Amino acid sequence: MADAVVSALVEKLLRLLLEGGVQLLQLDDQFDKMKKELRYVKTWLEDAETMRRKDGRKILKLITQDLRELVYDAEDIIADCQIFFMKEKHNGSLPNFMNYLSPRLLKFRHKITKRLKVTNQEIDKVKERMGSYLAPTSPAPITSIGESSKSRPLSYPILMEETDIVGLTEQSKDVEKLILEADGSPIVIGIVGMGGIGKTTLAQKICESNTIKHSFECIIFVTVSQHCELEDLLERMLTQMNIGEEYFKRREVVDLLRTLGRKLEEGKYLVVLDDVWENEMSWWNSLESALPKRNGCCVIVTTRNEDVAKSMGAIDSHINRPRLLSDDDSWSLFTKIAFARDGGRCPNSNLESIGKEIVARCGGLPLAIRVVGGMMLGKGDSVHEWRRIAKHLKEEMEEKKKDEPLMLSLGISYEELPPYLKPCLICFSMLPEDYSIEVDDIVYWWIGEGFVLGSEGRTAFEIGRQCVAELVNRCVLIGDSKYIVSGQLSWVKIHDIVRDMIIKIARDENFTHLDKRGRPELTVQSRRMGMFSNGIIKRIERTGLKKSTIESKLRTLWALDVGKEDVLSKNMELCKLKRLRVLSVSFYKDLKDEDVMKDWLDGIASLLHLVYLKIENCGLKNLPDSVGNLRNLQILCLSYWYNLKMLPPTITKLDKLTCFNIDGCRRLECMPVGIERLSRLERLIGFRPTISSHKNTSGISHLKNLGQLRELTIYFKSPNNLVEGELNVLSTLQNLRFLIIKFDCAEADVAALVSRVNHQLSPLRNVEELYLFHYPGESTPIWLNAATFPNLQFLGLFQGGNIKHMDPGFWEKEHGVWKIEGVVLFLLSEFEEKPERFREALPSLKKLMWWSDSDDENADDDDL
């Protein structure tokens with residue numbers, strides 16, 4: 001397969017070179033040559049996949065490997081030029097720089113010229129080898145995201161629940177009956193079948209059953225996977241039972257087993273062990289010994305091997321074997337996805353006959369059908385494209401001569417992805433099996449790597465979200481639609497079988513170094529590294545690398561639950577990681593050693609190429625001033641710094657910043673003066689205003705110059721945070737689409753704060769989503785009406801313990817007709833309004849989600 005990541009980087013570099021922003025060094029001839037060579041590389045990569053399918057020559061892989069290293073070198077050169085120019089500009093050396101008289105510039109030009117010539121010469125050598133072994137190719141037009149004529153992407157995700165797959169309802173009832181009829185010692189129930197047949201989905205559906213929920217005091221669902229480590233498995237099980245991370249420190253496995261046994265003794269339990277393999281099973285003997293022998297308890301094991309289920313105690317009558325879908329059910333599932341634009345109905349008979357031929361190749365496997373259906377959704381109603389795919393599937397199956405419809409369909413679905421989606425999907429190879437990631441985090445990662453760029457009036461973040469929706473619609477990602485009314489996903493994960501395929505591609509393309517278990521590991525050539533504390537991925541210190549081996553190739557470092565030993569690792573020294581584009585680190589919540597965190601974070605000044613920086617759960621009171629040196633930074637996330645009180649003034653120097661997230665920093669007292677200088681901000685999350693007259697701080701009035709702002713989250717802790725009428729500044733933000741207002745005030749301040757917030761607000765004509773958290777008034781603000789929000793589509797009220805009713809103006813038609821499509825009402829303990837009134841007053845309402853504070857179940861969850 002053509003190298004997806006390199007293709008994305010080539011497009012990014014071509015855009016930079018076409019913009020001319022790096023040609024200020026009077027090296028136009030060398031940059032022009034690189035531009036021509038990169039065009040050639042882009043064209044060759046586009047044709048390489050066709051050549052590979054045609055004759056399968058291994059020379060293609062070797063040539064692509066050579067090109068990969070050269071493209072990375074080219075990106076480094078251009079990035080170094082950009083950094084140098086920015087430093088000269090901000091150091092006040094711009095006149096000399098522009099006149100080419102600076103000695104520092106002359107030295108840098110000489111160095112860059114040498115590197116450019118070497119890279120261009122190496123590309124020439126690769127071209128010569130291409131000419132020796134391959135026929136020449138003709139240039140192809142440069143395309144970018146969304147320009148493919150073959151693809152019709154949906155910009156919103158199709159939120160089909162995993163558990164809604166046809167054919168599961170009866171099977172889940174059969175298993176529920178087995179569980180509920182058990183009245184003796186704990187039974188083991190096996191769900192057995194081939195990969196992709198729906199074992200995990202069936203187990204999830206069972207656990208979500210209200211009958212099952214009310215029958216067990218404790219339900220635990222854990223993924224075991226191929227290489228089970230008992231300590232990790234026990235920690236994940238105990239975490240679901242609200243055992244904190246602090247407990248796991250310095251605990252032996254025997255201690256964890258005892259604790260698990262004690263906790264499960266408290267009531268009936270249901271334990272689901274998902275995706276168990278036939279590898280070393282000694283962990284099961286230890287785990288089984290800790291499970292209390294209480295009557296009516298149950299263990300469900302999902303596995304591809306029936307012998308595994310039987311070896312764990314499942315008798316034949318307690319084994320459920322999910323069936324392949326019938327022809328009718330297969331077609332029904334396929335049409336839900338492939339014809340989602342047409343309400344799940346095939347638009348013409350030509351497509352139906354071809355579609356049924358394609359579905360027949362999937363062998364009744366739900367995952368294969370869904371993935372192929374997602375692929376065909378992207379083809380629209382082009383009969384030519386449908387026939388081409390049907391022919392391709394037939395040829396592949398005849399050539400392979402194996403009964404592997406799932407892997408063949410997955411492979412072809414990846415081949416048929418638009419080029420801009422391939423590197424986005426490969427990123428999931430670095431994440432542990434069954435790991436859910438926030439959509440914002442994965443999109444920021446893509447932006448940091450340069451896989452997603454802004455285009456044609458759309459921001460990079462908007463395009464990134466579109467890419468997430470496309471991957472979900474193509475059924476290679478699983479989207480979490482819980483609590484969603486706006487159609488925007490919050491979390492996504494990848495199916496384990498799709499992940500297996502992506503890991504193979506990641507290995508081939510040298511995306512990240514993976515060991516035999518599919519876990520990222522650090523090597524001299526590593527460009528991306530993941531660190532997870534759940535045993536799935538090794539910590540850096542354990543790789544045994546010497547201090548000098550990491551060098552500066554690493555571009556992405558993704559680390560969760562980082563502890564003291566990780567921070568002190570020589571391979572984690574930030575000053576050594578000078579090529580980083582993406583740094584995402586989450587500390588252990590109980591890591592209290594501020595000196596260790598401060599010493600580590602001081603090295604951030606060296607990361608001049610950084611585009612995305614996320615530091616979460618940090619205990620420091622201050623962010624280093626040196627963060628102002630990160631002139632390339634576009635995304636800065638400092639969520640849940642529980643001790644953070646002040647932000648450095650240097651924050652306002654980050655003039656490329658498009659997203660600034662300080663959500664969950666409850667002790668943060670104010671914003672530094674000059675926040676209005678961040679004129680490119682599109683998302684400001686966690687803004688804590690102060691009175692405008694307060695020295696060296698920024699209030700709401702300072703937001704008026706942030707004309708690009710699309711999303712805003714504001715915190716109000718005191719009436720002193722708000723001058724009466726100051727909220728009217730929000731009406732000047734013409735691009736504002738998404739507004740969250742959160743309240744965190746003392747009881748004594750409630751009346752004064754409500755009074756100031758309640759001042760009539762100027763119309764916010766472009767706001768489409770509004771969410772209020774912990775609003776302290778007894779009725780919603782008087783400005784919550786159709787006149788102030790004429791284009792509001794989604795409304796949410798969360799945890800407003802005092803709210804009894806909506807302000808009368810909300811219902812009055814004289815303010816205008818509401819366009820609201822979705823409403824979420826969550827934990828409003830005193831709320832007296834009835835669902836029927838919302839349905840009557842909101843003519844466009846499609847979704848009403850209503851949760852009480854006394855029950856985990858939805859009091860009302862209607863699709864209207």
Side-chain angles (χ1 to χ4, degrees), residues 148 150-168 194-198 200-201 322 324-394 396-397 404-418 421 425 467-479 481 489 492-495 497-498 501:
S148 173
K150 298 179 182 180
S151 178
R152 291 177 56 202
L154 281 177
S155 59
Y156 56 89
I158 303 171
L159 301 178
M160 187 182 79
E161 294 291 342
E162 285 284 287
T163 51
D164 285 345
I165 292 179
V166 287
L168 282 184
M194 66 181 73
I197 201 168
T200 300
T201 305
L324 294 172
L325 298 183
S326 66
D327 291 344
D328 288 343
D329 283 345
S330 294
W331 179 246
S332 175
L333 176 58
F334 178 81
T335 54
K336 283 183 180 180
I337 300 167
F339 305 120
R341 292 186 184 84
D342 301 295
R345 295 181 297 276
C346 182
N348 65 65
S349 57
N350 287 332
L351 291 186
E352 181 172 348
S353 60
I354 303 170
K356 288 186 175 179
E357 179 184 346
I358 291 173
V359 171
R361 304 283 179 192
C362 296
L365 278 169
L367 180 58
I369 295 168
R370 293 176 64 209
V371 169
V372 170
M375 173 174 62
M376 302 317 297
L377 173 67
K379 304 302 178 184
D381 55 3
S382 169
V383 174
H384 171 76
E385 279 295 289
W386 279 61
R387 283 179 176 155
R388 181 181 68 80
I389 296 296
K391 181 181 178 182
H392 188 21
L393 270 169
K394 179 181 178 181
E396 286 287 298
M397 288 190 173
E404 295 182 353
L406 177 57
M407 297 313 296
L408 285 173
S409 63
L410 290 178
I412 293 174
S413 295
Y414 180 80
E415 292 174 8
E416 294 294 329
L417 284 178
L421 289 182
L425 183 60
C467 291
V468 171
E470 287 191 62
L471 290 170
V472 169
N473 291 341
R474 292 171 183 273
C475 298
V476 290
L477 290 185
I478 300 169
S481 61
L489 294 170
V492 290
K493 65 180 180 180
I494 192 167
H495 193 286
I497 299 178
V498 181
M501 176 192 69

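Residue numbers run from 1 in the order of the sequence given. The shown structure was predicted, so the numbers you read here are calculated from the model rather than taken from an experiment.
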Side chains of [X] and [Y] in contact at under 4.5 Å (non-hydrogen atoms):
X	Y	answer
R474	P418	yes
K391	K394	no
V472	I478	no
L365	I369	no
V476	I494	no

For the atom pair [atom1] ([X]) and [atom2] ([Y]), what is the distance rounded to the nearest 0.5 Å?
X	Y	atom1	atom2	result
L408	L393	CG	CG	7.5 Å
N473	I337	CG	CD1	9.5 Å
C362	L333	SG	CG	9.5 Å
L377	K336	CG	NZ	15.0 Å
I497	T200	CD1	OG1	8.5 Å
S409	M375	OG	CE	7.5 Å

**Request:** Give the intermediate values and the outcome of side-chain contact (heavy atoms from CB on, under 4.5 Å) for residues K379 and E416.
**Result:** CA-CA 10 Å; K379 304 302 178 184; E416 294 294 329; 2.9 Å; yes
**Prompt:** Under 3.5 Å, is there a donor-acceptor pair linking the side chains of E415 and H392?
**Reply:** yes
**Request:** Taking all non-hydrogen atoms of both residues into account, name the closest pair between A368 and L406 and its distance.
**Result:** N-CD1, 3.7 Å
**Asked** Which atom names give the shortest non-hydrogen contact between Y414 and M501, and what distance separates them?
**Response** CB-CE, 4.0 Å
**Message:** Checking the side chain of S332 only, and the main-chain atoms of D328 only, is there a donor and an acceptor separated by less than 3.5 Å?
**Reply:** no
**Asked** Is there a donor-acceptor contact under 3.5 Å from the side chain of D329 to the main chain of L325?
**Response** no
Atom pairs and distances, donor-acceptor, side-chain atoms in residues 352-361, under 3.5 Å, two or more places apart:
from : atom 1 : to   : atom 2 : distance (Å)
E352 : OE2    : K356 : NZ     : 3.2
S353 : OG     : N350 : O      : 2.9

**Asked** Taking only residues two or more places apart in sequence or in another chain, which ones pass side-chain hydrogen bond (donor to acceptor under 3.5 Å, both in side chains) with T335?
**Response** none
**Message:** If you count heavy atoms of other groups shown closer than 6.0 angstrom to CE of M194, is the number above 12?
**Reply:** no
**Message:** Please check if the number of heavy atoms outside D327 that lie under 6.0 Å from its CG is greater than 12.
**Reply:** no
**Message:** List the residues meeting side chain to side chain contact (heavy atoms under 4.5 Å, CB included) with A338, not counting sequence neighbours, and say none if there are none.
**Reply:** F334, M376, W386
